[in-house]
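When a residue number appears, it is its place in the shown sequence, counting from 1. Atoms considered below: every heavy atom in the structure, side chains included; atoms not considered: hydrogens, waters and symmetry mates.
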Amino acid sequence: MMQNKSKCKEHIFSTQLGDLQYKVEVEDLFLDLKVLLKEYYMGTFTNDGQALMLKFTNGQKFKLSLSEIQ
């Protein structure tokens, strides 16, 4: 939980999660995002390996891309 009310660009995770002990792969993040988005939005969700393509029932289209930064 954030203590101050300022806008923060980074997510603050629960201390119960502990330290991240494994390498997160982009493909895993795509799959997790796809599963989460399907819980909230109706449409077609496809992953071409480079981006997650979203096409909603109202015709809107989005492209979400991920890349690991150092």
Show every donor-acceptor pair shorter than 3.5 Å between a side-chain atom in residues 52-70 and any protein atom, with sequence neighbours excluded, or say none if there are none.
from	atom 1	to	atom 2	distance (Å)
Asn58	OD1	Gln60	N	3.0
Asn58	ND2	Gln60	OE1	3.1
Glu68	OE1	Lys23	NZ	3.1
Glu68	OE2	Lys23	NZ	3.4

_Through direct or indirect side-chain contacts below 4.5 angstrom among Ile, Leu, Val, Met, Phe, Trp and Tyr, which residues connect to Val35?_
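Direct or chained contacts put Val35 with Leu31.
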*Distance from Phe45 atom CZ to Leu36 atom CG, nearest 0.5 Å?*
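One gets 10.5 Å once the value is rounded to the nearest 0.5 Å.
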*asked:* I'd like to know if Met42 and Tyr40 are part of one continuous hydrophobic network [Ile/Leu/Val/Met/Phe/Trp/Tyr, side-chain heavy atoms within less than 4.5 Å].
replied: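 No: no chain of side-chain contacts under 4.5 Å links Tyr40 to Met42.
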